[in-house]
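One structure is given below, encoded as structure tokens.
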Amino acid sequence: MYKLNGLVTDEFDFYKGNDVFELIEKYGSPLYVYSEEIIRKRCRELKNLVRYPKFTAQYSAKANTGLAFLQIVKSEGLHADAMSPGEIYAELEAGFSPEDIFMIANNVSAAEMQYAIDRGILICVDSLQQLSMYGSLNPGGKVAVRFNGGIGAGHHEKVITAGKKTKFGVGPEYIPQVKEILKNYDLKLVGIQQHIGSLFMDVTPYSEGSKAILEIAKSFEDLDFVDLGGGFGIPYEKQSGQKRLDLKDCGEKLDRLFEDFVKEYGKEISFRIEPGRYISAESGILLTDVHCVKHNGPHKFAGTDAGFNVLIRPAMYGSHHDVEVYSKEERPSNEEIISIAGNICESGDIIAKDRLLPEIKAGDILGILDAGAYGYSMCSNYNNRLRPAEVLIRENGETVLTRKRDTLEQLLENYVKLDM
Ligand code: LLP
């Protein structure tokens with residue numbers, strides 16, 4: 001294997017001596033490959049974000065729900081959030097205990113709430129009606145409420161989750177109604193939560209958002225915790241020198257907020273964060289085979305098997321993922337402008353548009369970087385394509401298959417044929 005532009009994976013020693021051509025030969029293309037070392041490193045960075053002692057990082061499992069992934073995160077001592085019974089199920093299977101799981105429910109059914117209640121999992125509700133629903137299912141129980149402090153942030157309008165334009169959270173103007181419902185059902189409000197959105201690289205919106213939710217917290221007596229949500233960004237453009245999020249600055253700002261709040265509130269409550277992307281994005285690379293290279297007028301395309309069924313972020317949000325080019329034999333880089341397309345029959349099936357990259361040839365393998373968050377977890381079988389296998393590179397360099405590729409039979413498994 002020869003890397004034509006492998007600076008990023010070299011710096012992380014991502015493949016630990018494994019040859020991507022051999023991995024693809026063994027597990028097929030496309031293929032998600034993860035680095036255990038990077039998962040653990042990112043977990044530790046966020047677990048130790050602040051000096052304040054009562055602090056928990058809850059991994060936001062929606063970013064990557066792989067069982068092995070969850071097991072590693074659990075072994076690092078993080079807790080986990082869950083949006084659905086499916087995420088709870090996976091987290092319990094991965095070894096999280098019910099006390100370590102926090103269900104952040106949005107528009108869930110009574111049956112879904114009951115699923116969490118039956119397993120002793122704390123629920124955070126997202127509207128007055130859902131608070132009443134919870135009260136009628138579990139009167140006298142403990143509950144948390146998601147507030148919308150009005151400050152949103154994120155890399156795309158689809159992932160900004162606070163502010164008046166979004167469906168999330170309860171506005172502070174409804175605090176009296178929240179109190180009323182809590183009283184009617186004899187519920188104990190143990191915590192409040194917010195999530196301003198996904199991906200900030202500058203700490204300001206997160207610290208401003210945190211101030212807003214801490215203001216709301218002062219309206220409630222005797223809380224056990226405030227959850228500030230996730231959104232910690234990663235540099236998707238490392239090949240162009242993009243800097244990392246300044247975690248030191250972030251931690252210091254949060255520590256100051258926590259100290260001031262605790263002094264005024266008169267109780268040493270806990271603080272939680274809910275990072276998904278930061279823990280998982282950089283640990284995953286999507287490997288894809290180049291099947292064809294062609295021109296359409298002035299535009300050059302490399303045709304791969306990384307369709308948007310496999311990684312939807314570029315098609316869905318216009319997201320950027322750096323690309324590395326790997327060839328079997330050494331050859332000059334000869335950079336040129338090229339777009340990387342998938343194998344789905346839609347023109348929007350472009351994983352990287354007009355990029356300056358080393359010349360790509362059929363038979364090369366491309367590494368789509370930073371694909372560990374919202375990559376596999378948003379995969380689909382569109383065009384009846386098989387979702388890829390997932391492989392983990394252990395800290396000692398060994399590779400383990402952690403999820404098998406779909407099979408053709410699985411595609412039809414749940415269908416019921418007509419009698420004809
Ligand atoms: N907490 C809640 C309540 C959330 O809704 C989310 C993400 C997180 C935590 C974790 O956010 P993170 O730390 O990963 O930014 N599919 C999009 C991102 C959607 C985020 C949804 N909510 C993407 O590929 O960029």
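From a predicted model like this one, the values you see are computed outputs, not experimental measurements. Computed from heavy atoms alone, side chains included, the values below leave out hydrogens, waters and symmetry copies. Just so you know, ligand 1 is whichever comes first in the structure, and atom 1 is the first atom listed for that ligand.
Of the heavy atoms in Asp81, only side-chain atoms (C-beta onward) come closer than 4.0 Å to ligand 1. No part of His156 comes within 4.0 Å of ligand 1, judged by heavy-atom distances. No part of Met316 comes within 4.0 Å of ligand 1, judged by heavy-atom distances. Contact annotation: for Arg277 versus ligand 1, heavy atoms closer than 4.0 Å belong to both the backbone and the side chain.
Annotation: atom 6 (C) of ligand 1 to nearest protein heavy atom, His195 NE2, 3.2 Å. Looking only at protein heavy atoms, the nearest one to atom 20 (C) of ligand 1 is Tyr374 OH, 3.5 Å.
Taking any N or O of Gly231, backbone or side chain, at least one lies under 3.5 Å from an N or O belonging to ligand 1. Taking only nitrogen or oxygen atoms, main chain and side chain alike, Tyr317 reaches within less than 3.5 Å of ligand 1.
Using a 4.0 Å cut-off between a side-chain N of Lys or Arg and a carboxylate O of Asp or Glu, Lys218 and Glu215 qualify as a salt bridge. Between Asp222 and Lys188 a salt bridge is recorded (basic side-chain N to carboxylate O distance below 4.0 Å). A salt bridge between Asp406 and Arg385 is absent, with no side-chain N of the basic residue lying under 4.0 Å from a carboxylate O of the acidic one. A salt bridge links Lys238 to Glu282: at least one charged side-chain nitrogen sits closer than 4.0 Å to a carboxylate oxygen.
When the side-chain hydrogen bond (donor to acceptor under 3.5 Å, both in side chains) test is applied to Tyr134, the partners found at least two apart in sequence or on another chain are Asn138.
With His195 contributing its side chain and Gly230 its backbone, the two residues share a donor-acceptor pair below 3.5 Å. Side chain of Ser377 to backbone of Ala63: a donor-acceptor contact under 3.5 angstrom is found.
Applying the ring-ring contact (aromatic ring centres under 6.0 Å, His included) test to pairs two or more places apart or on separate chains, those with a residue in residues 75-107 are Phe102-Phe225.
Judged by a 6.0 Å distance limit and a 45° cone about the ring axis, Arg313 is positioned over the six-membered ring of Tyr236.
Of all atoms in ligand 1, listed by their number and element, those nearer than 4.0 Å to a heavy atom of Arg146 are 3 (C). Residue contact check: Val159 has heavy atoms under 4.0 Å from atoms 17 (C), 18 (C), 19 (C) of ligand 1. The Pro275 neighbourhood of ligand 1 comprises atoms 13 (O), with distances under 4.0 Å to a heavy atom of that residue. The ligand atoms of ligand 1 that sit less than 4.0 angstrom from a heavy atom of Met378 are 16 (N). Of all atoms in ligand 1, numbered sequentially from 1 with element shown, those under 4.0 Å from a heavy atom of Ser198 are 11 (O), 12 (P), 14 (O), 15 (O), 18 (C), 20 (C). Counting the atoms of ligand 1 from 1 in the order shown, those under 4.0 Å from a heavy atom of His155 are 23 (C), 25 (O).
Of the listed residues (Glu274, Arg313, Lys62), the one carrying the non-hydrogen atom nearest atom 1 (N) of ligand 1 is Glu274.
A donor-acceptor contact under 3.5 angstrom links the side chains of Glu346 and Tyr382, judged on distance only.
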